[in-house]
Peer 1: 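Below are the structure tokens for one structure; questions will follow.
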Amino acid sequence: MSRGVWEVPAPQLRAARLCGAAGAEGGEGGEDGEDVTVVAPLTDAHVHLELADLPAAGSGTLARVLDLGGDPRRLAARARTAEQSGAATEIRWAGAFLTAPGGYPTDRGWVPAGSTREIRTPAEAAAAVAEQLSGGACLIKVALHADAGPVLDDPTLSAVVDSARGCGVPVVAHVEGPGQAARAAASGVRVLAHTPWTERLDDDLLAHTAERMVWISTLDMHRRDGDTQAWETATENLRGFLSRGGRAVYGTDLGNGLSTPELHAPEVEALVSVGRRAGLDDADLLAAFTGAPLLPDHAGTVSVLPAEVRTAGEALAALSQSRPVRRTALKEPPR
Ligand SMILES: [Zn+2]
């Protein structure tokens, strides 16, 4: 399968030895390290670090997190500190929410200063995009929430997408309310920050988005909210999207009813279960947990699993035992 924002190979499992302090004491590899199986970095592709609690040492299970709405300069500083302190969780970010004047989430109490950027006209789009990229953003986030105030109009949304595309980065949209998923698709948005949950997408829109988009799962937030209707709509949309060849990645919306930046078992279970119903095989499912095909360039970190894990299916079953490590802590065995 090659659909997605970027083409990426299926995740490979390989044997390696974990050296030095990163290896568990008394690990299976004997005195000079611990034998492990390496996979691509397990990634939560939807977090809000300023609303959560990432320890200086990083997450115990996640090798990478993607922040989808925060001040890019503060996030860059946080990523630098994490890197310098030797944390094995890489931080990536999209920068501020680009939104219409007074639009979501400018009026929300949880929004930290600097994490929204209002855009009045198409002419302002390029500057808003450039501000995020100069702050190190690897995607551009837009909010299209029609039930919570004004949303960007079509020309302004298109100007944002064109500016981002011109800089080689995709746009990720929060879509909520009637017709917003269709608007995002029509304007060339490549990523949805959440599986759409406020309306069922029709067959044509599912097929269109499956060819062009990556969706970030965030299914379990509806169970955290106790919103059965939203859960059912989202799981059916995701099943329809995946069964038409769409690519999804794992994301929790960390910071929204969830504050611990670790692999979240209910989201894992939900994504695996919907994926299986849609006919995904183990390799496709495992890819969804590594951020591929949303963030394909390999991070400075990877995830390691017990050495006995040899197949994608075994890796899926062992996700809760994964640990992030820096690439530099691994020694590849001689072939
Ligand atoms: Zn979010």
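Whatever order the structure lists ligands and atoms in, that order sets their numbers, starting from 1. Hydrogens, waters and symmetry mates play no part in the numbers below; they use all other heavy atoms, side chains included. Residue numbers start at 1 and run along the sequence shown. Bear in mind the structure is a predicted one, so any value in this text is a computation, not a measurement.
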Peer 1: Go through the steps for R276 and D282 under the test salt bridge (Lys or Arg N to Asp or Glu O under 4.0 Å), then give the verdict.
Peer 2: CA-CA 9 Å; R276 293 221 187 279; D282 290 339; 3.0 Å; yes

Peer 1: So, 2.8 Å as the limit: is an N/O/S atom of H194 located closer than that to the Zn ion (ligand 1)?
Peer 2: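 No, since none of the N, O or S atoms of H194 sits under 2.8 Å from the Zn ion (ligand 1).
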
Peer 1: To the nearest 10 degrees, how large is the angle at the Zn ion (ligand 1) between H46 NE2 and D253 OD1?
Peer 2: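 Here the angle at the metal atom is close to 80°, to 10°.
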
Peer 1: Go through the steps for T218 and D253 under the test side chain to side chain donor-acceptor pair (under 3.5 Å), then give the verdict.
Peer 2: CA-CA 6 Å; T218 73; D253 204 13; over 6 Å; no

Peer 1: Between E236 and R277, does any NZ, NE, NH1 or NH2 come within less than 4.0 Å of an OD or OE carboxylate oxygen?
Peer 2: yes

Peer 1: Are the side chain of R212 and the backbone N or O of H208 linked by a donor-acceptor pair below 3.5 Å?
Peer 2: yes

Peer 1: Under 2.8 Å from the Zn ion (ligand 1) - does any N, O or S atom of H48 fall there?
Peer 2: yes

